[in-house]
Amino acid sequence: MQTPFWEESYKNNDILTFGPEPNASLVEAEEFLNASDNIIDAGCGDGHNVLYLAKQGYQNIDAFDLSQNAIAKLHKFAEKDHLNINAWVDNLCEFSFHRKYKLIMSFGTLHFVPKEDWHRFIVKAKKATEVGGINIIQIFTNKVPASSDIAPYAVGLSDDGEIQELYSDWDIISFKSYVFEDEHPNVPKHLHASNKIVARRIK
């Protein structure tokens with residue numbers, strides 16, 4: 001199996017693999033957050049979302065990713081700008097929460113593990129969220145076939161709306177089901193189907 005494109009990008013210290021800008025849903029969710037809140041990014045990549053938060057003054061940020069290259073690069077970016085981010089290498093399938101969080105987020109990661117594993121992660125994430133806290137989850141769905149660049153790794157594609165059902169007992173602030181066009185070096189333009197949910201624990 002070939003190395004995924006993002007691993008090569010993680011070795012390039014001149015760029016952030018998924019762009020310098022934070023996810024728009026994260027920026028919108030800041031109205032629910034304070035600088036002292038506990039925050040974690042599961043599958044953080046090389047860290048564009050947590051780097052943004054740290055630059056905004058958030059002080060208690062955890063982040064993990066399976067990729068050693070991604071975490072090493074995140075540490076370099078954080079050290080360069082004197083940012084405090086607790087980042088480490090970890091496997092989402094084996095991860096356990098050891099404290100409560102005001103924000104738990106995972107963007108474009110869960111579909112890379114078997115469905116039973118990401119279902120288990122969601123259950124644990126909901127329990128580890130403070131009352132009034134937020135989960136932001138973005139996951140690819142099977143509404144369109146997985147593109148050739150991720151097909152070997154996308155072992156847990158969600159059904160459309162499945163993530164919404166898993167948060168049916170929470171206040172769903174927003175839910176989006178959409179298809180978008182993407183492009184990477186050496187990969188033709190292609191489509192991804194995605195669901196993204198922002199949900200708030202109410203009890």
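Quick caveat, the model's predicted, so the values are computed rather than measured.
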Without swapping roles, check the side chain of [X] against the backbone of [Y] for a donor-acceptor pair under 3.5 Å.
| X | Y | value |
| --- | --- | --- |
| Asn91 | Cys93 | yes |
| Lys203 | Trp170 | no |
| Asn86 | Asp62 | no |
| Gln138 | Gly108 | yes |
| Lys176 | Ser194 | no |
| Asp65 | Ser67 | yes |
| Ser106 | Ala42 | yes |
| Asp171 | Arg200 | no |

Specify the closest pair of heavy atoms between [X] and [Y], including all atoms of both residues, with the distance to one decimal.
| X | Y | result |
| --- | --- | --- |
| Ile197 | Gln164 | CD1-CA, 3.8 Å |
| Ala154 | Ala146 | CB-CB, 4.3 Å |
| Ser177 | Lys143 | OG-NZ, 4.0 Å |
| Ala193 | Val144 | N-CG2, 3.5 Å |
| Ala125 | Ile104 | O-CD1, 3.3 Å |
| Leu74 | Gly47 | CD1-CA, 3.9 Å |

Are the side chains of [X] and [Y] in touch, meaning some heavy atoms are under 4.5 Å apart?
| X | Y | value |
| --- | --- | --- |
| Leu92 | Asp117 | no |
| Ile122 | Glu162 | no |
| Tyr167 | Lys126 | yes |
| Phe107 | Ile136 | yes |
| Ile71 | Asp90 | no |
| Ile39 | Met105 | yes |
| Val198 | Ile134 | yes |
| Leu103 | Asp37 | no |

Hydrophobic cluster membership, [X] vs [Y], 4.5 Å side-chain cutoff:
| X | Y | result |
| --- | --- | --- |
| Phe121 | Leu166 | yes |
| Leu66 | Phe64 | no |
| Leu26 | Ile85 | yes |
| Val113 | Trp88 | yes |
| Leu33 | Val27 | yes |

[atom1] of [X] to [atom2] of [Y]: how many Å apart, nearest 0.5 Å?
| X | Y | atom1 | atom2 | result |
| --- | --- | --- | --- | --- |
| Glu28 | Ser174 | CD | OG | 7.0 Å |
| Ile61 | Leu83 | CD1 | CG | 8.0 Å |
| Ser147 | Leu191 | OG | CG | 9.0 Å |
| Asn38 | Thr129 | CG | OG1 | 11.0 Å |
| Phe77 | Leu51 | CZ | CG | 7.5 Å |
| Lys100 | Ile40 | NZ | CD1 | 13.5 Å |

May I ask you to decide if the ring planes of Phe97 and Tyr101 are parallel, tilted or perpendicular, using 30° and 60° as cut-offs?
perpendicular
Students often mix this up, so state it plainly: with edges at 30° and 60°, are the rings of His111 and Phe140 parallel, tilted or perpendicular?
parallel
May I ask you to check whether over 12 heavy atoms, not counting those of Lys124, lie within 6.0 Å of atom NZ?
yes
Counting only heavy atoms not in Gln68 (residues, nucleotides, ligands), do more than 12 fall under 6.0 Å from its CD?
no
Are side-chain N/O atoms of Ser158 and Asn195 paired as donor and acceptor at under 3.5 Å?
no
Intermediate values then yes/no, side chain to side chain contact (heavy atoms under 4.5 Å, CB included), Glu30 and Tyr52:
CA-CA 11 Å; Glu30 284 190 82; Tyr52 163 78; 2.4 Å; yes
Let's go through Asp159 and Asn142 carefully: what are the C-alpha distance in whole Å and the side-chain angles of both, what is the deciding distance for side chain to side chain donor-acceptor pair (under 3.5 Å) to 0.1 Å, and is it a yes or a no?
CA-CA 6 Å; Asp159 295 331; Asn142 55 18; 2.8 Å; yes
Applying the side-chain contact (heavy atoms from CB on, under 4.5 Å) criterion to Lys196, which one of Asn23, Ile139, Ile137 satisfies it?
Asn23
Let's go through Thr109 and Trp118 carefully: what are the C-alpha distance in whole Å and the side-chain angles of both, what is the deciding distance for side chain to side chain contact (heavy atoms under 4.5 Å, CB included) to 0.1 Å, and is it a yes or a no?
CA-CA 9 Å; Thr109 297; Trp118 69 255; over 6 Å; no
